2 protein chains.
Amino acid sequence: MSSDDQLPPKVRLLRAAAELLANSEGSAVSTRQITKLAGVTAPTLYHHFGDKEGLFDAVVSAGFEEYVAGERDFAPSGEPLEDIRRMWDNHVAFGLAQPHLYLVMFGNIRPESRPAVVADAEALLEEMLNKAAIAGQLNVQPREAARSILAANVGVTLMLISEPVEDRNLELSTMTRDSMIFAVSTETARGAAAEDSGKSSVVVAAIALNAALQASHSDQLSSSELKLFLEWLHRISSSS
Amino acid sequence: MSSDDQLPPKVRLLRAAAELLANSEGSAVSTRQITKLAGVTAPTLYHHFGDKEGLFDAVVSAGFEEYVAGERDFAPSGEPLEDIRRMWDNHVAFGLAQPHLYLVMFGNIRPESRPAVVADAEALLEEMLNKAAIAGQLNVQPREAARSILAANVGVTLMLISEPVEDRNLELSTMTRDSMIFAVSTETARGAAAEDSGKSSVVVAAIALNAALQASHSDQLSSSELKLFLEWLHRISSSS
DNA sequence: CTAGCACCTATAGCGCTGCTATATGAAGTG
DNA sequence: CACTTCATATAGCAGCGCTATAGGTGCTAG
């Protein structure tokens with residue numbers, strides 16, 4: 001109907017879907033709205049994308065690259081934990097800027113069906129947490145920390161989206177963010193404590209070494225040795 | 001069609017909706033399924049509940065009382081923070097036991113539309129956090145803590161629901177739970193491994209682990225394993 | 001040049017959805 | 001009995017995701 005009759009229908013469908021997803025206020029977006037705006041008919045949509053979810057996945061993966069670009073751009077500050085904070089804030093900002101797209105990406109939850117985008121976001125976080133682990137700043141396994149932080153990050157973002165705009169208080173985000181990061185990190189921004197009741201420095205060091213070994217393949221050990229070594233390392237770093 | 005033709009249609013509709021919501025696997029629940037199971041026709045539903053969402057709200061508020069009952073029953077342990085942990089676990093357990101009902105309650109997120117059940121759950125948490133605050137165990141305002149903890153709690157539960165049953169790792173829950181509670185509390189139970197924040201590498205991490213292992217005897221490895229482990233550690237830490 | 005083929009798009013419509021205009025029955029009240 | 005009020009049913013609307021079928025388009029082989 002409108003957007004650039006020159007472009008191929010596939011692109012027009014993508015743009016129409018993205019536009020409707022970005023601007024639709026509350027109600028759902030139908031295939032008929034999309035095809036009408038794109039100036040094509042239904043079978044064209046299903047020829048190119050299989051079904052509605054396929055089209056949405058395509059829109060999401062485009063939106064995800066935008067998200068990833070935001071996550072990666074201002075990453076290397078030298079302080080991994082500070083970068084984690086920025087990734088958290090960027091995640092929330094993305095969700096609030098494009099709530100409908102965000103809801104399609106992270107809010108469309110069904111039992112036992114894990115969207116690919118969640119795994120990607122998790123990997124992104126884990127990557128950064130690995131750097132923190134290498135720097136000895138992590139208290140737990142990077143993978144577990146990534147899952148935990150992402151779950152809280154999504155929970156906060158969903159809660160903020162569901163609130164009326166005027167009530168949205170970003171302090172909820174920063175507070176939860178710092179709580180999570182503080183809890184998984186070795187930061188001591190709090191009244192000092194003895195090491196008798198928490199993780200020992202052995203565990204912290206083992207986690208750091210584990211992450212460092214996986215980041216830069218050391219050739220000091222043969223592959224079979226390394227395998228056993230890593231297993232022992234895991235055993236040590238998994239002990240409470 | 002089945003359930004107790006004696007009962008008034010309103011109750012039969014509620015039970016049918018609850019049953020379908022509990023047993024439906026993946027796909028959505030339609031009004032036709034509900035009315036057929038209840039043995040009534042469509043206008044009856046709309047006469048009593050206004051629309052589909054009204055019926056679901058009614059089911060939810062019944063389910064919520066079940067949820068609240070679980071939250072309140074084993075509450076007064078004398079340790080408010082311990083009670084918060086139980087409320088968290090009960091929340092997750094409820095979500096995993098009745099995922100579809102939970103998704104209707106907490107996962108049906110739309111921009112600027114806050115379900116009543118969220119506010120109720122928040123109030124429940126805040127009430128308990130107030131006790132912690134009175135006992136001087138709280139670091140932040142109970143209201144803020146409740147919002148933050150609930151957001152993380154919902155985020156974790158949604159993430160667990162979206163995972164395949166066999167992959168569900170409740171450690172994600174306990175870890176996030178303790179992170180949140182620890183961060184808002186005045187508890188000082190942490191193993192502080194104060195680390196010079198110099199750039200760590202494989203070597204530095206290996207040296208740190210080596211030192212830490214010798215300082216505190218880890219019993220995760222047998223003595224022979226430990227001997228070989230230390231040798232490899234030495235090989236790594238002497239490289240480059 | 002034409003035949004064949006692969007790709008893309010449109011017409012028309014199926015079965016489903018949430019919902020309702022209208023009508024009928026039942027129950028209580030003057 | 002007449003009247004009102006509440007509760008249920010018949011029948012159907014507009015919208016949904018999706019598709020069987022057919023036709024148009026452009027490329028390549030003979």
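Treat the numbers as computed from the prediction; the structure is a model and nothing was measured.
- Across A:V154, A:L172, A:T176, a single residue satisfies side chain to side chain contact (heavy atoms under 4.5 Å, CB included) together with A:M159, and that is A:L172.
- With rounding to whole Å, B:F49 atom CZ is found 14 Å from D:dT8 atom C1'.
- In the interface, the side chain of A:R32 is paired with the base of D:dG17 through a donor and an acceptor atom under 3.5 Å apart.
- One atom, NZ of B:K10, and another, C1' of D:dT8, lie 15 Å apart when rounded to the nearest Å.
- The minimum heavy-atom distance linking A:L158 with A:G107 is given by the pair CD2-CA, 4.2 Å.
- Atoms CG (B:D51) and P (C:dT20) sit 8 Å apart, rounded to a whole Å.
- Rounded to whole angstrom, the span from the CG atom of B:L13 across to the C1' atom of D:dA9 amounts to 14 Å.
- B:K52 has its NZ atom 9 Å from the P atom of C:dT17, to the nearest Å.
- Distance, A:Q33 CD to D:dA14 P: 18 Å, rounded to whole Å.
- When rounded to the nearest whole Å, the span between CD1 of A:I34 and C1' of C:dT9 equals 18 Å.
- When all heavy atoms of A:L21 and A:H100 are compared, the pair lying nearest together is O-CB, 2.7 Å.
- Considering all non-hydrogen atoms of both residues, A:T157 and A:H91 come closest at OG1-CD2, 3.4 Å.
- For B:Y46 and C:dT20, the shortest distance from a side-chain N or O to OP1 or OP2 is not below 4.0 Å.
- Side chain of B:T41, nearest nucleotide from D:dT19, C:dT9, D:dA9: D:dA9.
- For the pair B:P9 and B:A42, nearest-nucleotide mapping onto DNA chain D gives the more 5' position to B:P9.
- Atoms CZ (B:F56) and C1' (C:dG18) sit 11 Å apart, rounded to a whole Å.
- Residue order along DNA chain C, read from the 5' end via each residue's closest nucleotide, puts A:H47 first among B:T31 and A:H47.
- Ion pairing of A:E163 with B:R114 is present here, as a side-chain N (NZ or NE/NH1/NH2) and a carboxylate O approach within less than 4.0 Å.
- Between B:H48 and A:S30, the residue anchored nearer the 5' end of DNA chain D, judged by the nucleotide with its closest heavy atom, is B:H48.
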